[in-house]
Peer 1: 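Dropping the structure in here first, questions after.
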Amino acid sequence: MTIAFLGLGNMGGPMAANLAGSGETVHGYDPAPAAHAAGVARFDSAGAAVANADVVVTMLPSGKHVLDCYQEILPSVRPGTLFVDCSTIDVADARKAAELVQDAGHRALDAPVSGGVVGAEAGTLTFMVGGDPEAFADAETYLAVLGARAIHCGASGAGQAAKICNNMILGVSMIAVSEAFALGEELGLTHQALFDVASTASGQCWALTTNCPVPGPVPASPANRGYSGGFASGLMLKDLRLAESAARDNDVATLLGTRAAELYAAFVERDGPGRDFSAIITAVRDGLLVKESSV
Ligand code: NAD
């Protein structure tokens, strides 16, 4: 079996390297000269990389990249090729991409991930997968090399839907936890006291117990290292905007999701996209959204 891997960036590079390390033949392509994946044969074009592949994996920045890439490579792939798109993209784009592939006689899965660069390197990602159950069964061998869990969520687009719904919960809950710490600070509560109560009571959530936005209570959280590493605020903003767009397309009122996107947008504009998304607590303390709303 030969796997073509398109997009060898922060996520795709280590994922492709893990596939090659497991003994698969991996043909890689990325237009960025600096992109790198150990053990992967680099090709000069996407068409050349996919020509002899049984499976095409993509890990690209956006839905437009995926749709353009699929249009470009479809004439070059073998009949019955399995396409697995691991990028985080709009649900509507994921459905369009699957349609393009299936209309040309191939099979398609959307399989976005959570776990970040650390999970990509360690092979511990979680895949949320949409598409035909038989195609999912065929992809499981590869997904097992790349991640710790793969959940089949339904038809085409369901993987992307699960990813953006999950991340909308995460963005909103991180802001809620940050607001609680900011209020607790003013009320004279120590971070540890609030953590000890909320982490064992009804305020318990991942944003508090794993990615705690204040230093101290959870030593491994990015707050303990100046919010470096972790899940970048810019990517959280991207996912919240994808959720907003899906909510708009489907006439669902996601008021807190929309507000969370506004706060992350203001924060990223002020501080840049690079720090872990829990650094939003600094914007909460500064009343950034209040200032934004009043102009
Ligand atoms: P990245 O910018 O590091 O990598 C994307 C790569 O795609 C780049 O190297 C770019 O040159 C390449 N590319 C663009 N067009 C291409 C084409 N036509 N053919 C081949 N390669 C092409 O981004 P990343 O951090 O690796 O993220 C990739 C995807 O994974 C995004 O959709 C992102 O939202 C998602 N994601 C990222 C993280 C994370 O922590 N970085 C976590 C979960 C999901």
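The structure displayed is predicted, hence computed values, not measured ones. Whatever order the structure lists them in is the order used to number ligands and atoms, beginning at 1.
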Peer 1: For the residue pair H27 and F43, does the interplanar ring angle fall in the parallel (under 30°), tilted (30 to 60°) or perpendicular (over 60°) class?
Peer 2: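 Aromatic pair H27/F43 classed tilted.
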Peer 1: How about D103: does its CG atom have over 12 heavy atoms from other parts shown lying under 6.0 Å from it?
Peer 2: yes
Peer 1: Output the rest of the hydrophobic cluster of V252: all Ile, Leu, Val, Met, Phe, Trp and Tyr residues reachable through side-chain heavy-atom contacts under 4.5 Å, sorted by chain and number.
Peer 2: none
Peer 1: Who passes salt bridge (charged side-chain N to carboxylate O under 4.0 Å, His left out) against D249, sequence neighbours left out?
Peer 2: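 Expected list: none.
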Peer 1: Kindly determine whether Y264 and M174 satisfy side-chain contact (heavy atoms from CB on, under 4.5 Å), including the steps that lead there.
Peer 2: CA-CA 11 Å; Y264 272 99; M174 182 54 81; 3.7 Å; yes
Peer 1: E72: what forms a salt bridge (charged side-chain N to carboxylate O under 4.0 Å, His left out) with it, not counting sequence neighbours?
Peer 2: none
Peer 1: Just list the N/O pairs, ligand 1 to protein, that are under 3.5 Å apart, with the distance for each.
Peer 2:
from, atom 1, to, atom 2, distance (Å)
ligand 1, 3 (O), N10, N, 2.9
ligand 1, 3 (O), N10, ND2, 3.1
ligand 1, 9 (O), D30, OD1, 3.3
ligand 1, 9 (O), D30, OD2, 2.7
ligand 1, 11 (O), D30, OD1, 2.7
ligand 1, 21 (N), G7, N, 3.3
ligand 1, 26 (O), N10, N, 3.3
ligand 1, 26 (O), M11, N, 2.8
ligand 1, 32 (O), L60, O, 2.8
ligand 1, 32 (O), T88, N, 3.0
ligand 1, 32 (O), K238, NZ, 2.9
ligand 1, 34 (O), K238, NZ, 2.8

